[in-house]
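Input: a single structure, listed below in structure tokens.
Note on naming: letters A, B, ... go to the chains in the order of the sequence lines (proteins, then strands), and numbering restarts at 1 for each one.
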Number of protein chains: 2
Amino acid sequence: MTAVKGETRTRLLDTALGLFTVHGVEGTSLQMIADALGVTKAAVYYHFRTKDEITEAVAQPALDELVALLDHAATINRPGPRADYVIDGFVDLVVRNRVLVAVLCSDPGIIRAIDRILHGEESVMTRLPAMLVGPDADEGAQVSSHVALAGIAMAGGSPALAAMDDETLRRHLVDAMRRQLGRPRRRDTPTP
Amino acid sequence: MTAVKGETRTRLLDTALGLFTVHGVEGTSLQMIADALGVTKAAVYYHFRTKDEITEAVAQPALDELVALLDHAATINRPGPRADYVIDGFVDLVVRNRVLVAVLCSDPGIIRAIDRILHGEESVMTRLPAMLVGPDADEGAQVSSHVALAGIAMAGGSPALAAMDDETLRRHLVDAMRRQLGRPRRRDTPTP
DNA sequence: GTCTATACAACGATAGAC
DNA sequence: GTCTATCGTTGTATAGAC
């Protein structure tokens, strides 16, 4: 009659993400998480050794997707189609994880966790721009890629656009990102 | 031989910004600030009543500039020149405060402080996009303005572009922002 | 006015009993 | 798996020395 394996852990992560969204990572204490679950602080510590570990576990799935996106993009040789693929994939990732991205982008706790998850391997923050404009692009293109990536991520998580439905937001973000990177507007919607 | 009025306060804010830059706001304790100044924690408390007050004081000058920029932009009637003015002013503000902006954009402590500073008055985050694309712009233009603003701010503070000198970064950011907003490239550099 | 000394509740974290 | 008890440190607060 005991809980399914991992059930408590999953419930804990759901609770944590909910609290992170409202109070931020820093503003969420282990006590709050424990209270919300009806257990003590020490019980939370049984499932996760540190608060950072909880933060990492919350961000993990989205980051895995991002790494997978980059890995697949690396197999596309022609720069144009590769950029198209990254644009569509990145926007889709951001839109599907809007709530998480909002927390993710505005919290140094999560940002440090991200650095830890991408354990040493060539940073995503280096690979992403390279996939869009090439590794040896001129300064202007590099700045443009950073503006595009940061802008899409932040705008996607912005409370100001929270009311917009996923499909509409996705369309506008793709348009904005293509415009920023100087790629022509698409007519067709790709089949992912 | 006592210190000049406000001298300790200024030194404290400089020290705080330096520590915020390295460890983040959350990661910087009052003890660290006090130690760096060679005083006790309570001495810090004499100059500022709370940690939040320190955070606010660090962000204050840049935010005052931003509000002034918006106030002046509001006096420009024609949308085109007004957008041009905001683009130039915003990029300039970001570039001149690169270090601060890097902390500012990635720390909920500062973000909360910002909300507090802009005490109730119509939010900057609402006024800024309106100055760029008008208050009743279509969805696409609104998304575009958010992408542009967030992108410029984040890219400006990004460690990846920290090596770029101010003049070059400013030029590329203005180009990127104009492209995102669909405004033609400028030949002349404006005299601010 | 400017600081030190001291105290306090809440935090993240650990050890060990049930 | 969950608990109690405890640790050092944090932000905050007050009393009082110079």
Side-chain angles (χ1 to χ4, degrees), chain A residues 1-20 22-59 103 107-113 115-117, chain B residues 1-59 103 107-117:
Chain A
M1 196 64 170
T2 49
V4 182
K5 182 186 187 305
E7 194 263 351
T8 305
R9 203 188 134 100
T10 307
R11 226 164 42 97
L12 200 157
L13 287 179
D14 284 350
T15 305
L17 176 56
L19 290 169
F20 287 171
V22 179
H23 306 102
V25 175
E26 166 201 11
T28 302
S29 68
L30 296 182
Q31 197 69 251
M32 292 164 73
I33 299 175
D35 289 350
L37 289 168
V39 296
T40 62
K41 223 168 37 160
V44 173
Y45 265 95
Y46 169 74
H47 295 280
F48 298 92
R49 252 199 295 229
T50 65
K51 190 184 179 183
D52 282 343
E53 215 170 88
I54 300 178
T55 314
E56 286 169 28
V58 166
V103 179
D107 210 299
I110 293 250
I111 290 169
R112 260 180 287 117
D115 285 347
R116 246 174 287 122
I117 291 176
Chain B
M1 199 61 174
T2 50
V4 182
K5 182 187 187 308
E7 194 263 351
T8 305
R9 203 188 133 100
T10 307
R11 223 164 43 96
L12 199 157
L13 287 179
D14 284 350
T15 305
L17 176 55
L19 290 169
F20 287 172
T21 307
V22 179
H23 306 102
V25 175
E26 166 201 10
T28 302
S29 69
L30 295 183
Q31 198 68 252
M32 292 165 73
I33 298 175
D35 289 349
L37 288 167
V39 295
T40 61
K41 224 170 37 161
V44 173
Y45 244 76
Y46 169 74
H47 294 281
F48 297 93
R49 252 197 297 225
T50 66
K51 190 184 178 183
D52 282 344
E53 216 170 88
I54 301 178
T55 314
E56 286 169 28
V58 166
V103 179
D107 209 297
I110 293 251
I111 290 170
R112 261 180 286 115
I114 292 175
D115 284 348
R116 247 174 287 122
I117 290 176

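Taking atom CD on A/Glu26 and atom P on C/dC11, their separation rounds to 12 Å, with Å as the unit. Spacing between atom CZ of B/Arg11 and atom P of C/dT2 amounts to 13 Å, rounded to whole angstrom units. In this structure, B/His47 atom NE2 and D/dT12 atom C1' are separated by 17 Å, rounded to whole Å. The CZ-C1' distance, from B/Arg9 to C/dC3, rounds to 17 Å in whole Å. As a whole-Å value, the separation of A/Tyr45 OH from C/dG16 P is 17 Å. Regarding B/Leu12, its CG atom lies at a distance of 13 Å from the P atom of C/dT2, rounded to whole Å. Look at CZ on B/Arg49: it is 14 Å from C1' on D/dT14, rounded to the nearest Å. What separates NZ of A/Lys41 from C1' of D/dG1 is a distance of 18 Å, to the nearest Å.
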Could you go through B/Leu37 and B/Thr8, starting from their C-alpha distance and side-chain angles, then the distance that decides it, and tell me whether this counts as side chain to side chain contact (heavy atoms under 4.5 Å, CB included)? CA-CA 9 Å; B/Leu37 288 167; B/Thr8 305; 5.8 Å; no
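Remark: A/Tyr46 is in phosphate contact with D/dG1, judged by side-chain N or O atoms under 4.0 Å from OP1 or OP2. Residue B/Ser29 places at least one side-chain N or O under 4.0 Å from the OP1 or OP2 atom of D/dT10. Listed pair A/Thr40 / D/dC3 meets the phosphate criterion, a side-chain N or O lying under 4.0 Å from OP1 or OP2.
Rounding to the nearest 0.5 angstrom, the gap separating the CZ atom in B/Phe20 from the CG atom in B/Asp107 is 8.0 Å.
Judged by distance alone, with hydrogens and angles left aside, the side-chain atoms of A/Lys41 form no donor-acceptor pair with the main-chain N or O of A/Ser29 at under 3.5 Å. Using modelled atom types, no side-chain atom of A/Thr55 and backbone atom of A/Ala113 make a donor-acceptor pair closer than 3.5 Å.
In terms of position on DNA chain C, the residue among B/Ala42 and A/Leu30 whose nearest nucleotide sits closer to the 5' end is B/Ala42.
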